[in-house]
S.K.: 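Structure provided below as structure tokens; questions to follow.
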Amino acid sequence: MELKDKNLKELEKICQDIRERIIDVVSKKGGHFSSPLGAVELTVAMHKVFDIKKDPFIYDVSHQCYPHKLINGRWDDFETLRQYNGISGFTKPNESNADFFVAGHSSTSISLAIGAAKAIKLKGEDRIPVVMIGDGSMTAGMVYEALNELGDRKYPVVIILNDNEMSIAKPIGSISKYLSKILAGKFYQNFKDRVDRNIIQKLPEGATYLAKKIEESMKLITPGIIFEEMGIDYIGPIDGHNLEEIIETLQIAKEIKKPVIVHARTIKGKGYEFAEGQHEIWHGVSPFDVQTGEFAKKSSAKAATAVYADALLELAKKHENIVGVTAAMPSGTGIDKLMKEFPTRFWDVAIAEQHAVTSMAAMAKEGFKPFITIYSTFLQRGYDQIIHDVCIMNLPVVFAIDRAGIVGNDGETHQGVFDISFLRVLPNMILCAPRDDKTLEYALEFGYEAKSPCAIRYPRGAFAKLNYEATKFELGKAQLLKEGSSKKLFIGYGAGVSRALQTESLHSEDIAVLDLRFVKPLDEQLLKELSLKYEQWYIFSDSQKQGGVGSAILEFLNKERICIKVNSFEYEDEFIGHGDTKLVEESLGLLPSQLVNKIV
Ligand SMILES: Cc1ncc(C[n+]2csc(CCOP(=O)(O)OP(=O)(O)O)c2C)c(N)n1
Ligand SMILES: CC(=O)[C@@H](O)[C@H](O)COP(=O)(O)O
Ligand SMILES: [Mg+2]
């Protein structure tokens, strides 16, 4: 869709069409909802002012990129949003040249823009990176690392700060309070009545045309704003739903040829009444009825997250030294429940996984028992902190790793597949996983008592219901669920246990099933005994094959010089795409009905 030659009226109509399309498709397919709705005018204005054919358009997290996709060739394909084999919910260069980078984790955009700006300068090209970043994403450290360089080196980069005063939940921290103060201030309300003539002195020489335009439209560049102190021009706040105002401001920002932040106030969910404002539930949605705003009935099975939160709550009532954090995912991790019950012991620290890990390490040093609850994919951000601040100190923190395994429609940026591989190599780390609700409770009890860092992983959604008696966790002890008359042994880890059991039930032979429970330390004694009876082992775990559960077993067998044939049904050496979890697993040949044919 070419927007350059469209007039304001036409652009406003395009905004309306985009909104309708988002509401229509997301209400049927689910997806991110209130963020893209709030970014429609900003995105259309970006396309009017900048040149998508040459300028890098960089969306932070990129969950707000649906208007961009609709403008750039995916109007029809939008029906397939986040579906298996359909278009991604995030920007993806192999889907379109208009998508500069893959994104899904927050706060990478300004670094990307600086890298692009350096490349543009070295190549001597006339292009300018433009960023859209939300207020919630302004809390992460990466942003300040990037601004630190940008303010000093002054690459021409335009940063649109899309401020809806919301992260997924209410935003946390002083930066967020500061931004809200600017938005709420007199300055914003009186925007149309004030002119700051300082701006004219700030403009590059000969920019008289620009100065005139600025005076006309009464845009302001304000001194005293934190970004200005850092060496980055600041324009705003502007109304992020007023197309005319945004276009004029972006034009100015583009001409300045310096780093500039355009602070736009937006309403999350704009254009769909039920979602407008600060409503967490409309951030990411399952299908819903457009007329009533009611969501389709969800499965009644209790999600592992909820089992975790309830169990941790009970544990926290018993033990006053339990504390915990979430990094901007209070409802996603269930920590909101604990924050409510124990507001002085559980914290949302905003998008700040690195800080979450290190600050809790210090609490452990002080004798507290931190439960650091982070999705597997976002824990990747805190890796150095896990090594440097937790494992070297051998501090007894618990990493409660939610969304382990395939997460479904978010796809490759969010799959929780690497945690075992990246944690297993760390000295002092204990790794265990429950197979169902009851064992999750026991795993938490174990984690509480553990004297070293302990990672407990559990999946998105609900565990399968299993009819095997749950026993308490003991360090490095596996549980043999059933003996078998064949020479085969199935070894399950976490949610892999139910997959092993289902596969066994479909197989003609009577096969032994082991719930490994600990991938570190392994139950070496039991594994040795089992090697005498069973000579073909099969590994079931929702994790990367390289460095995963099968690797741990093979390392052990090799160390003991035990000769066993091992097949691992973990994930191969490739990134796993998006779609309904079952369809994705089917595409990987990992459904029990498929696995049974691989057991020969
Ligand atoms: C490193 C990282 N941690 C957590 C998340 C989860 N997450 C996705 S969007 C989001 C909120 C972002 O807020 P903001 O940037 O203001 O965008 P909005 O949704 O308000 O448009 C969070 C916490 C993430 N994507 N990346
Ligand atoms: C964009 C992002 O990172 C989050 O919105 C994420 O999609 C949430 O995932 P869950 O739906 O599993 O909580
Ligand atoms: Mg926001």
Side-chain angles (χ1 to χ4, degrees), residues 21-33 35-36 59 61-66 68-70 72-96 98-99 101-105 283-288 295-299 301 303-304 332 375-377 402-418 459-464 495-496 498-499 502-503 540-545 569-598:
R21 185 85 179 130
I22 292 172
I23 294 169
D24 179 42
V25 172
V26 178
S27 68
K28 291 186 199 128
K29 309 283 161 128
H32 289 98
F33 187 60
S35 306
Y59 296 92
V61 185
S62 88
H63 63 314
Q64 79 293 65
C65 72
Y66 301 175
H68 171 92
K69 294 209 170 199
L70 291 168
N72 292 291
R74 283 156 281 183
W75 191 273
D76 293 335
D77 286 347
F78 199 61
E79 292 286 345
T80 68
L81 180 70
R82 291 164 38 106
Q83 309 299 298
Y84 180 64
N85 275 339
I87 64 167
S88 165
F90 299 112
T91 49
K92 220 174 159 155
N94 65 4
E95 203 176 275
S96 163
D99 294 9
F101 237 79
V102 166
H105 289 198
H283 175 86
V285 296
S286 48
F288 63 94
F295 293 104
K297 286 254 171 311
K298 281 200 184 137
S299 146
Y375 289 9
S376 169
T377 187
D402 200 331
R403 307 305 198 264
I406 290 173
V407 295
N409 307 78
D410 274 340
E412 62 191 351
T413 51
H414 283 60
Q415 307 292 13
V417 299
F418 302 117
R460 190 174 199 270
F463 277 113
S498 63
R499 196 189 309 279
Q502 284 173 51
T503 309
F540 298 74
S541 173
D542 294 343
S543 45
Q544 193 70 5
K545 192 179 267 185
F569 300 131
E570 294 172 275
Y571 306 130
E572 298 295 340
D573 188 13
E574 61 195 7
F575 288 102
I576 300 171
H578 59 268
D580 172 79
T581 299
K582 196 161 174 206
L583 292 178
V584 173
E585 287 178 348
E586 186 179 12
S587 73
L588 301 173
L590 289 176
L591 297 182
S593 56
Q594 298 168 303
L595 291 175
V596 71
N597 300 317
K598 299 179 186 173

S.K.: Nearest 0.5 Å please: distance from the CZ atom of F418 over to the OG1 atom of T377.
M.R.: 8.5 Å
S.K.: Could you work out, with salt bridge (charged side-chain N to carboxylate O under 4.0 Å, His left out) as the rule, every residue matching K28, not counting sequence neighbours?
M.R.: D24
S.K.: Measure from the side-chain N and O atoms of K598 to the backbone N and O of G589, and report whether any donor-acceptor pair falls under 3.5 Å.
M.R.: yes
S.K.: Tell me, do F575 and T413 make a side-chain contact under 4.5 Å, heavy atoms counted?
M.R.: no
S.K.: What residue pairs, at least two apart or across chains, pass salt bridge (charged side-chain N to carboxylate O under 4.0 Å, His left out) with a residue in residues 569-593?
M.R.: R499-E585, K545-E572
S.K.: Residues in ring pair (Phe, Tyr, Trp, His ring centres under 6.0 Å) with F33, at least two apart?
M.R.: Y272, W282, F288
S.K.: Which distance, rounded to the nearest 0.5 Å, do you find between the OG1 of T80 and the CG of N85?
M.R.: 9.0 Å
S.K.: Considering only residues two or more places apart or on different chains, which pairs with a residue in residues 74-84 satisfy salt bridge (charged side-chain N to carboxylate O under 4.0 Å, His left out)?
M.R.: R21-E79, R74-E95, R74-D99, R82-D410
S.K.: Identify, with sequence neighbours excluded, every residue that meets ring pair (Phe, Tyr, Trp, His ring centres under 6.0 Å) alongside Y59.
M.R.: H68
S.K.: Okay, side chain of Q415, backbone of I576: is any donor-acceptor separation there less than 3.5 Å?
M.R.: yes
S.K.: Can a donor-acceptor pair be found, under 3.5 Å and without considering hydrogens, that links the side chain of S62 to the backbone of T91?
M.R.: yes
S.K.: Rounded at 0.5 Å granularity, tell me how far CG in N409 sits from NE2 in H414.
M.R.: 11.5 Å
S.K.: Just to verify, what does K29 make a side-chain hydrogen bond (donor to acceptor under 3.5 Å, both in side chains) with, not counting sequence neighbours?
M.R.: none
S.K.: Could you grab the distance from atom SG of C65 to atom CG of N72, nearest 0.5 Å is fine?
M.R.: 10.0 Å
S.K.: Atom CZ of F295 and atom OG of S27: how far apart are they, to the nearest 0.5 Å?
M.R.: 10.5 Å
S.K.: How many angstroms lie between atom CG of L70 and atom CG of L81, to the nearest 0.5 angstrom?
M.R.: 9.0 Å
S.K.: Kindly give the heavy-atom pair with the smallest separation between V584 and S587, and that separation in Å.
M.R.: O-OG, 2.5 Å
S.K.: Who passes side-chain hydrogen bond (donor to acceptor under 3.5 Å, both in side chains) against S35, sequence neighbours left out?
M.R.: H63
S.K.: With sequence neighbours excluded, what pairs up with R460 under the side chain to side chain contact (heavy atoms under 4.5 Å, CB included) test?
M.R.: R403, V407
S.K.: Can you see which heavy atom on S376 is nearest to which on V417, and at what distance?
M.R.: OG-N, 4.1 Å
S.K.: Partners of Y66 by ring pair (Phe, Tyr, Trp, His ring centres under 6.0 Å), sequence neighbours excluded?
M.R.: F78
S.K.: For this output row, return yes or no: ring centroids of H578 and F90 closer than 6.0 angstrom.
M.R.: no
S.K.: Sequence neighbours excluded, which residues qualify as side-chain hydrogen bond (donor to acceptor under 3.5 Å, both in side chains) partners of T503?
M.R.: none
S.K.: Kindly write out the residues that satisfy side chain to side chain contact (heavy atoms under 4.5 Å, CB included) with F101, not counting sequence neighbours, or none if the list is empty.
M.R.: L112
